[in-house]
Amino acid sequence: FEERAGHSCDPLRDIKTWIGKSMTVRRSIEEVCRCSDSGVNLNEVLLFHGSTHGKINGILNSGFDPRYAGLGTGAMFGQGSYFAHNASKCFRYAGDDGFRTSSETGGLRQCVLLVRALLGNPHYQEHMCPDRRMPPANTHSVVALTKAEGGCVDHREYVLYEKAAILPLYIIEIGR
């Protein structure tokens with residue numbers, strides 16, 4: 001907001017425009033908001049984050065805290081908050097922590113958050129860097145590239161190291 005300083009942005013597109021678009025159809029990072037009149041490129045995107053129900057409640061109460069990154073799942077690209085552009089990758093991390101959906105189903109549920117994230121000027125990472133605590137100089141985030149792009153992951157991962165760059169929008173719950 002400080003960098004935009006009074007400049008307006010185009011309105012965000014409805015989430016329906018994102019559903020069903022594969023990465024081959026859109027650019028590798030399709031911007032949600034570009035403040036073209038200000039010259040500032042926030043590179044604001046919609047991304048997914050998977051976690052257990054209990055941890056999601058903590059995120060909703062206190063926001064994302066990169067200091068806790070990777071405690072249960074590892075941190076291939078350092079101590080940051082991890083996201084993906086496809087929800088299916090995030091459901092791997094949305095472990096069922098024993099939270100029951102209802103007495104009718106008796107099933108467990110998994111939670112994924114849909115967030116607005118400010119990538120700013122991303123650094124495109126090809127190899128693991130587990131000791132990283134912040135993005136490289138003159139960048140704001142890390143984008144882990146896929147094996148097909150010369151990287152080391154199957155699906156792109158987006159790592160943010162600044163709590164203020166992430167705004168949770170929706171909880172997506174899947175019962176089983």
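The analysis underlying the following values was restricted to heavy atoms, covering all of them including side chains, and did not include hydrogens, waters or symmetry mates.
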To the nearest 0.5 Å, atom CG of Asn121 lies from atom CG of Asn138 at 7.5 Å

Mark yes when over 12 heavy atoms from residues, nucleotides or ligands other than Asn61 sit less than 6.0 Å from its CG; otherwise mark no. yes

Quick test of your reading of the model: are Lys147 and Asp154 salt-bridged, counting only N-O distances below 4.0 Å? yes

Are the side chains of Pro122 and Thr139 in touch, meaning some heavy atoms are under 4.5 Å apart? no

Are His140 and Tyr161 an aromatic pair by the rule of ring centers under 6.0 Å? no

Are His49 and Phe64 side-chain neighbours, meaning at least one heavy-atom pair lies under 4.5 Å? yes

Heavy-atom nearest pair, Leu160 first then Ala117, reads CD1-CB, 3.6 Å

Distance col, row His85:NE2 vs Leu46:CG, nearest 0.5 angstrom, shows 12.5 Å

Criterion side chain to side chain contact (heavy atoms under 4.5 Å, CB included) against Leu113, the qualifying member of Leu169, Leu60, Ile166: Leu60

Go through it in stages, so that I can follow the logic: the residues are Val115 and Tyr170, the test is side chain to side chain contact (heavy atoms under 4.5 Å, CB included), and I'd like the CA-CA distance, side-chain angles, deciding distance and then a yes or no. CA-CA 7 Å; Val115 305; Tyr170 300 101; over 6 Å; no

Can you confirm whether or not the ring centre of Tyr158 sits under 6.0 Å from the ring centre of Phe77? no

Can you tell me how far CZ of Arg156 sits from CG of Leu145, rounded to the nearest 0.5 angstrom? 5.5 Å

Taking only distance into account, with no hydrogens and no angle test, what donor-acceptor pairs under 3.5 Å do side-chain atoms of residues 129-137 form with protein atoms, sequence neighbours excluded?
residue	atom	partner	partner atom	Å
Arg132	NH1	Gln125	OE1	2.9
Arg133	NE	Gln79	OE1	3.3
Arg133	NH1	Gln79	OE1	2.5

Quick one: does Met76's side chain get under 4.5 Å of Cys152's, heavy atoms only? yes

Which atom pair, heavy atoms only, marks the closest approach of Glu126 to Gly150? CB-O, 3.6 Å

Nearest heavy-atom contact between Leu47 and Leu119 is CD1-CD2, 4.4 Å

Between CD1 of Ile59 and OG of Ser81, what distance do you get to the nearest 0.5 Å? 7.5 Å

